[in-house]
Amino acid sequence: MSKALICSCEDVTVGDVRHALSRGYCDVESVKRYTGFGTGICQGKSCLAAVAALIAKEGPLKPQGIQPFTPRPPVYPTELSLFGSAPVDESRPPVGGVPEELGVFPPALRPNTPLPAKAKVVIIGGGVMGLALAYNLSLRGETDVVVLERGYLCAGASGRNGGGVRMQWGTAANIELAKRSIDLMKQFARDLGINIWLRQGGYLFLAKTEAVARRLERNAALHNKHGVPTRIITADAAREIVPGLTMKGVLTASFNPEDGVIFPWPFMWGYAQHCLKKGIKVETFTHVTGFDISNGQVRKVKTDRGDIACDTVVLAAGAWSPEIAKLADVKLPNEPHRHEILSTEPLKPFLGPLVSVLDSGLYFSQSMRGEIVGGMGDPKEPAGLNMGSTLRFVARFSQGLMEQLPNVGHVKVLRQWAGCYDVTPDNNPVLGRTPGLDNLLQMSGFVGHGFMMAPAVAERMAAWMATDEHDDLFHRFNLRRFSSGRLEREDMIIG
């Protein structure tokens, strides 16, 4: 294996790129996520062309399929304090973003192998939900499964989030799902042979208003009933957990030391690689274009690579689920909302927990590589599938972060990106059978927490599909609740 460096920022070698190609990660974006090239200080400026040339020379793609990624702002590493000095008009919604268009993949990236003509289960969506479900179906002996992904693995929200995993929720159902998910994450490396870098440094929630403080206190009591050791602490106690916090305007805080963060990308690879080993088809760059429906059943899933006859269809396409559901004349209540995020240059370890100011939607943690990774919700963000990056976000985030941690103003932002929350009216998912289409199963609407719930939800859904035994989860969160009004709102949403 060649040890010649191709990305000096991240120590990625020619051999690393060849290894990624051999594992089936053949487009530029997939190789970037598999090797980490282009994520360092130069943001691909020094290595992107070399990697693209190597893929063109040794990879399976035709030249027209070699599409370089578009670097996002900042063009150069830039201090948080400079971004924080940029004016922000909070009265106006954000517009646009860079790049203007994402998710339009050239036809040359589509695999040239035929799709299976028939499968027992077709899962639409190759994010963490779809792949985790396929994995759990395989554990129950069901491998006649095809997973359809519109882009590369990690192209959607599953590859764009901050990796936070927490048990601090506002409803019993979500607390139990999160507890089980974190238990499964602890054994992920043993079960699937890949390190997801789980670090249980806790979640520290800060409250600046009486209403949020009361919410934290109420939810902490609920957590304790479910065995989650959340405790309400004073501002001084919070500062002992994270030295350097100003605690400006903070009334109270809640802390659960068993929450944590993981690295999202290997989480996806672990599920995908297990599925492929078991013979499950994971078809990337494949667009669903419609359905054949008769007598209240989906008979075929139509794609731009051909049709697949099937017994069961699972819609797990996250923020794209409403668009796909429309193809079957099904209206989902979900709405996509952009959420932006950034990463700084790496620092020595100083930040144990993920910190969130629940009032403003600010959150930040430190990755295992030392980077500060964080985001901030924008109440003016309009609904829509927009994944562009804005100066407005990085300015708002920098101001919010420096208000809590003024000592980091000199730290440089290396990159920013965005993904979409899949938002429902009650902040809870859409699960179970579709009224009028019995074999179309819903698995979407996880707002911003699908990533951390996927292991437990997929485990229960695979069991429910295999046995058809009653599971309250798939009745409580059924699509019918939006017409009946039986809504149970989740109030611990960041952003």
Residue pair [X] / [Y], side-chain heavy-atom distance below 4.5 Å:
X: Thr246; Y: Pro406; value: yes
X: Leu245; Y: Val250; value: no
X: Met492; Y: Leu358; value: yes
X: Pro353; Y: Val242; value: yes
X: Gln200; Y: Lys186; value: yes
X: Thr113; Y: Arg305; value: yes
X: Arg18; Y: Val14; value: yes
X: Leu405; Y: Phe364; value: yes

Roughly how far, to the nearest 0.5 Å, is the [atom2] atom of [Y] from the [atom1] atom of [X]?
X: Ser360; Y: Asp378; atom1: OG; atom2: CG; value: 11.0 Å
X: Ile175; Y: Gln168; atom1: CD1; atom2: CD; value: 9.5 Å
X: Ile6; Y: Ser46; atom1: CD1; atom2: OG; value: 11.5 Å
X: Asn427; Y: Ile493; atom1: CG; atom2: CD1; value: 4.0 Å
X: Trp269; Y: Ile194; atom1: CH2; atom2: CD1; value: 6.5 Å
X: Ser85; Y: Met402; atom1: OG; atom2: CE; value: 7.5 Å

Reference residue Tyr25; test ring-ring contact (aromatic ring centres under 6.0 Å, His included); the match among Tyr152, Phe37, Tyr34: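 By the ring-ring contact (aromatic ring centres under 6.0 Å, His included) criterion, Tyr25 pairs with just one of Tyr152, Phe37, Tyr34: Tyr34.
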
Residue among Tyr271, Phe263, Trp265 satisfying ring-ring contact (aromatic ring centres under 6.0 Å, His included) with Phe267: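 Considering Tyr271, Phe263, Trp265, a ring-ring contact (aromatic ring centres under 6.0 Å, His included) with Phe267 is found only for Tyr271.
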
If I compare all heavy atoms of [X] with all of [Y], which pair ends up nearest, and what's the gap?
X: Gly164; Y: Leu354; answer: CA-CD1, 4.2 Å
X: Gln366; Y: Leu347; answer: NE2-O, 3.2 Å
X: Val373; Y: Ile341; answer: CG1-CD1, 4.0 Å
X: Leu385; Y: Pro336; answer: CD2-CB, 3.7 Å
X: Met443; Y: Ala458; answer: CE-CA, 4.0 Å
X: Leu206; Y: Asp359; answer: O-OD1, 3.7 Å

Side chain to side chain donor-acceptor pair (under 3.5 Å) between Asn219 and Ser254, worked out: CA-CA 9 Å; Asn219 288 339; Ser254 71; over 6 Å; no

Does the [X] side chain pair with the main chain of [Y], one donor and one acceptor, at a distance under 3.5 Å?
X: Gln416; Y: Thr390; result: yes
X: Asn386; Y: Gly96; result: yes
X: Ser181; Y: Ala178; result: no
X: Arg199; Y: Val261; result: no
X: Ser158; Y: Val128; result: yes

[X] atom [atom1], neighbour heavy-atom count above 12 within 6.0 Å:
X: Phe350; atom1: CZ; result: yes
X: Lys45; atom1: NZ; result: yes
X: Ile41; atom1: CD1; result: no

Worked check of side-chain contact (heavy atoms from CB on, under 4.5 Å) between Gln273 and Arg23: CA-CA 9 Å; Gln273 288 170 12; Arg23 302 298 297 267; 3.0 Å; yes

Worked check of side chain to side chain donor-acceptor pair (under 3.5 Å) between Asn174 and Glu490: CA-CA 8 Å; Asn174 283 331; Glu490 172 58 60; 2.9 Å; yes

Arg392/Glu340 under salt bridge (Lys or Arg N to Asp or Glu O under 4.0 Å): CA gap, chis, key distance, verdict: CA-CA 10 Å; Arg392 173 189 170 100; Glu340 299 189 59; over 6 Å; no

Step-by-step side-chain contact (heavy atoms from CB on, under 4.5 Å) determination, Tyr135 to Asp191: CA-CA 11 Å; Tyr135 162 74; Asp191 293 345; 4.0 Å; yes

Partners passing ring pair (Phe, Tyr, Trp, His ring centres under 6.0 Å) against Tyr363 (at least two apart in sequence or in another chain):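 Applying ring pair (Phe, Tyr, Trp, His ring centres under 6.0 Å) to Tyr363 gives none.
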
Pairing residues for Phe83 by the ring pair (Phe, Tyr, Trp, His ring centres under 6.0 Å) criterion, not counting sequence neighbours: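 If we apply the ring pair (Phe, Tyr, Trp, His ring centres under 6.0 Å) test to Phe83, skipping adjacent residues, there are no hits.
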
Glu403 vs Lys208, salt bridge (Lys or Arg N to Asp or Glu O under 4.0 Å): CA-CA, chis, key distance, verdict: CA-CA 13 Å; Glu403 184 174 296; Lys208 291 191 169 185; 2.7 Å; yes

Salt bridge flag under 4.0 Å for residues Glu90 and Arg396: yes

SB check Glu371 Arg369 (cutoff 4.0 Å): yes

Pi-cation contact, Trp169 with Arg166 (under 6.0 Å, within 45°):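 Judged by the rule (NZ or CZ under 6.0 Å from the ring centre, within 45° of its axis), Arg166 counts as positioned above Trp169.
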
Geometric class of the His449/Phe446 ring pair [parallel <30°, tilted 30-60°, perpendicular >60°]: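 Ring orientation, 0 to 90° scale: perpendicular.
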
Chi angles and distances behind the side-chain contact (heavy atoms from CB on, under 4.5 Å) call for Glu345, Val411: CA-CA 7 Å; Glu345 61 186 332; Val411 177; 3.8 Å; yes

Test side-chain contact (heavy atoms from CB on, under 4.5 Å) applied to Phe105 and His287, step by step: CA-CA 10 Å; Phe105 305 104; His287 285 243; 4.3 Å; yes

Sole residue of Leu54, Leu61, Asp27 in side chain to side chain contact (heavy atoms under 4.5 Å, CB included) with Ile66: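 Answer to the side chain to side chain contact (heavy atoms under 4.5 Å, CB included) test with Ile66 among Leu54, Leu61, Asp27: Leu61.
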
